[in-house]
Amino acid sequence: MNTHTAILAVHHWGHGPGWWFLIPLLFWAAIIFLVVRAVRRCGRFGPSWRSGEAVLAERYAKGEIDADEYRDRLSVLRERAK
Amino acid sequence: MSGVTATRPAPGTGGLTAAGPGGRRPAAAALSATKVYGAGGEVAVRALDDISVEFPEGRFTAVMGPSGSGKSTLLHCLAGLDSLSSGQIVVGGADLGSLSDKQLTLLRRDRIGFVFQSFNLVPTLTAEENITLPLALAGRRPDRAWFDEIVATVGLADRLRHRPSELSGGQQQRVAVARALVTRPEIVLADEPTGNLDSRSGAEILGFLRRAVTELGQTVVIVTHDPVAAGYADAALFLADGRLVDSLESPTAAGVLDRLKALGG
């Protein structure tokens, strides 16, 4: 009986820590999920669609800046991104 | 059908008032709106001079007047692109003057649709991406049924994958109209939407704006100097020297032309 309990204990404590190795895995799965979601959200408009350009596009679409200003600012953004 | 009506003020009361149909909440309104450029100096220009007007829901209104009459300034103030010197602009129940910059940005994104003379489409995006741009930036998914309805209304179903450079002016403006409607805005504001188009394409755009009002229940205000364009509207308002001077219900191109001539425009 004693040996049995001892074996069970060893069994329990011996293999228990094994599950901990899953935590980094889950962590990375969560990171990948979030990245994929973010990319999908912005990436709908292609890989060149950076946040600065998105803001600029919105301001242009809402009439806050005109076509010339949009082009000027976009070229500045792209210049910086190089 | 009642609508935007302007009444001449009794002598001494100052300012014109315009009221929508009783009981219906206006989509947007200006209350004693005044805009002065170069305030204080001798060169001060009153672009808007104590204008009060309501734009009832589900109506198509054309704002007309000679150049310099203040019609574009009124539209810009309604859009929150420009601020008043005094008075109020109310859109969807919100007083624009009392909003923070962030609240104003959100209101402009979600509740006001814009159409410009120069289309303002993003050249690197397809027609579909341009239409859904306001939603994408707000992190919202398009309501597919509404999107399909708008696209069908403006007749763009087979052009969605084209970029603006591959579309005619009329088609580009149709994309812009669809983009303005995609968020189901409280009000769509169009500044000379047919100014860069030939008469046939212009008539198409006006027809789509008309359908947006009649079939989709949207509220549309256009600024135009074209009497034909005003003929598509439920009401025409006439501005001169920053003041609201006249209005016409169910205007016809001929009727509008007569009024404009009377105004010297």
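Every chain is numbered from 1, with letters handed out A, B, ... down the list of sequences. Note that the coordinates shown come from a computational prediction; the quantities given were computed from them, not determined experimentally.
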For B/V122 and A/A57, work out which heavy atoms get closest and say how close.
CG2-CB, 3.6 Å
Checking heavy atoms, do the side chain of A/A61, its backbone, both or neither come under 4.5 Å from chain B?
both
For B/H162, look at atom NE2 and say whether over 12 heavy atoms of other residues, nucleotides or ligands are found less than 6.0 Å away.
yes
Please classify the contact of A/L74 with chain B as side chain, backbone, both or neither, using a heavy-atom distance under 4.5 Å.
neither
Given that the side chain runs from C-beta out, which part of B/R179 has a heavy atom under 4.5 Å from chain A: side chain, backbone, both or neither?
side chain
What are the two closest heavy atoms between A/Y70 and B/P123, and how far apart are they?
CE2-CD, 3.8 Å
Measuring from A/E64:CD to B/N120:CG, what's the distance to the nearest 0.5 Å?
11.0 Å
In terms of heavy-atom proximity below 4.5 Å to chain A, should B/L189 be classed as side chain, backbone, both, or neither?
neither
Can you name the closest pair of heavy atoms from B/F114 and A/K62 and give their distance?
CE1-CD, 3.4 Å
Mind checking the OG1-CD spacing from B/T105 to A/E58? Nearest 0.5 Å is all I need.
7.5 Å
Do you know the tightest heavy-atom contact between A/Y60 and B/F116?
O-CE1, 4.5 Å
Looking at B/D101, I want to see if its CG is surrounded by more than 12 non-hydrogen atoms of other residues, nucleotides or ligands under 6.0 Å.
no
